[in-house]
Every structure is written in C-alpha cells, then in structure tokens.
Amino acid sequence: MTTRQTAPIAAPMSSYEGSCSGDAGDGRAIREVLDRIGDKWSLLVIGTLRRERLRFSELQRHIPGVSQRMLTLTLRQLERDGLITRTVHAEVPPRVEYELTELGTTLIQVATALADWATSEYPRIEASRAAYDAR
C-alpha cells in the first residue's frame, strides 16, 4: 500500500497578507503608518491628547522621559501626517496648543486596544524573554 502525500490546503489570504505582496501600494502604506505610530513617542502623544488640547509643557509633563527635542520632532511628524493640529495664539508670550484632529481620534480605539494588550501581556513577554536569555 502506498501513501499518497497531498499538499496542505492553503488558507485563504487575508486582505493584510495580500497587501504585502508584490508592488502593492497598501504594503507601503502599512509600513509608513506603522513607522509613524509605532515609534517610541507617537502613541503616547496621541493617547495623552485624547481628552483635551494641551500646551507643549503640559504634554511634556504627561509623558515621562520624553526630551524637548523628541517631543518637538514627534509633534511635527504627527502634524505633518494630519493626526494633530498646532494652534499658535497671538499673545505675549505666545501660547501654542496641540490637539487631535478628526483623523487622529480614529486611532484612539486601536491605540487603547494595543496599550491594553501590551499591559496585560507584558509579564508573559518578560517571562519568555527570561527563558530565551537563559538558554
């Protein structure tokens, strides 16, 4: 009796997988957006601005560890991408405020879900890292 091997049946490709193959523009979009929101500070800025408009110094106080330079660069990139707005008030001294745009607010649910996942699963990630490093 001979055993006939069959190739495994491939699961249908998700829209995500399809977007990453070949020259698909969607793959580029995914990489660029994840580069932006996946950096060290962007999601923290977006999360901090989810409730209210804040001045630069207030933002910096709410995000421990961010330097003035990194916060400035992050805010510029988020503004460039249309996720926040920067409003300069003609006062002495000038007052500058930042707030999420309508587009920026669409990230809140996704960002919150990712933050919740990271917080709840971090002990397992740490344990996995320790086990890997102990090998």
Side-chain angles (χ1 to χ4, degrees):
M1 174 187 232
T2 60
T3 306
R4 183 175 162 202
Q5 289 194 338
T6 59
I9 298 173
M13 208 182 289
S14 71
S15 61
Y16 163 74
E17 290 170 314
S19 69
C20 293
S21 62
D23 295 325
D26 289 347
R28 179 174 163 237
I30 291 168
R31 287 188 305 275
E32 285 187 17
V33 169
L34 288 179
D35 279 347
R36 168 62 45 239
I37 64 169
D39 71 14
K40 190 171 182 177
W41 304 110
S42 291
L43 278 182
L44 294 172
V45 169
I46 290 165
T48 302
L49 291 173
R50 75 185 180 280
R51 290 193 181 102
E52 61 185 323
R53 174 183 326 155
L54 293 172
R55 295 176 75 165
F56 185 93
S57 59
E58 294 170 321
L59 261 172
Q60 195 170 20
R61 270 196 306 267
H62 283 35
I63 305 172
V66 67
S67 68
Q68 182 174 345
R69 180 183 182 327
M70 284 312 300
L71 183 56
T72 299
L73 291 173
T74 301
L75 290 168
R76 284 182 186 158
Q77 287 300 315
L78 292 172
E79 182 180 12
R80 180 175 181 248
D81 290 343
L83 301 174
I84 65 167
T85 58
R86 177 180 185 264
T87 305
V88 179
H89 300 275
E91 301 173 355
V92 177
R95 179 171 50 106
V96 180
E97 295 178 322
Y98 298 89
E99 66 183 315
L100 290 179
T101 62
E102 183 180 329
L103 178 61
T105 60
T106 65
L107 274 172
I108 296 302
Q109 186 175 357
V110 174
T112 302
L114 184 58
D116 289 346
W117 178 87
T119 303
S120 68
E121 299 302 328
Y122 192 67
R124 290 174 59 189
I125 292 169
E126 282 184 313
S128 181
R129 287 175 180 171
Y132 181 90
D133 293 344
R135 295 194 277 177

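Bear in mind that the values here come from a model prediction, so they are computed numbers and not experimental data. All residue numbers refer to positions in the sequence shown, counting from 1. Only heavy atoms go into these numbers, but all of them, side chains included; no hydrogens, no water, no symmetry mates.
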Least distance between heavy atoms, [X] atom then [Y] atom:
| X | Y | value |
| --- | --- | --- |
| I46 | G104 | CG2-O, 4.3 Å |
| R95 | E97 | NH1-OE2, 2.9 Å |
| T48 | H62 | CG2-CB, 3.5 Å |
| R36 | L83 | CG-CD1, 4.5 Å |

Holding to side-chain contact (heavy atoms from CB on, under 4.5 Å), I want the full list of residues that pass it with [X], two or more places apart in sequence or in another chain.
| X | result |
| --- | --- |
| R80 | Q77 |
| T106 | L103 |
| T119 | none |
| V88 | R86, V96 |

What's the spacing between [X] [atom1] and [Y] [atom2] if we round to 0.5 Å?
| X | Y | atom1 | atom2 | answer |
| --- | --- | --- | --- | --- |
| K40 | M70 | NZ | CE | 8.5 Å |
| L71 | Y98 | CG | OH | 7.5 Å |
| R135 | D133 | CZ | CG | 9.0 Å |
| T74 | R69 | OG1 | CZ | 10.0 Å |
| T105 | L100 | OG1 | CG | 6.5 Å |
| W41 | L78 | CH2 | CG | 13.5 Å |

Please name all residues satisfying side-chain hydrogen bond (donor to acceptor under 3.5 Å, both in side chains) with E79, sequence neighbours left out, ordered by chain then number.
none
Do V33 and L107 belong to the same hydrophobic cluster, where Ile, Leu, Val, Met, Phe, Trp and Tyr are linked whenever their side-chain heavy atoms lie under 4.5 Å apart, directly or via other members?
yes
Between L73 and I37, is there a shared hydrophobic cluster once you connect ILVMFWY residues whose side-chain heavy atoms come closer than 4.5 Å?
yes
Output all residues satisfying salt bridge (charged side-chain N to carboxylate O under 4.0 Å, His left out) with D35, sequence neighbours left out; order by chain, then residue number.
none
Donor-acceptor pair, side chain of T112 and main chain of Q109, under 3.5 angstrom:
no
So that I can tick it off, tell me whether R124 and E121 are bridged by a salt bridge, with the cut-off set at under 4.0 angstrom between side-chain N and carboxylate O.
yes
Should we say atom CD of E102 is surrounded by more than 12 heavy atoms from elsewhere, each under 6.0 Å from it?
no
Side chains of F56 and L75 in contact at under 4.5 Å (non-hydrogen atoms)
yes
side-chain contact (heavy atoms from CB on, under 4.5 Å) partner of L49, the single match among I108, L59, L44, T101
L59
Checking salt bridge (Lys or Arg N to Asp or Glu O under 4.0 Å) between E99 and each of R53, R50, R51, which is the one that passes?
R53
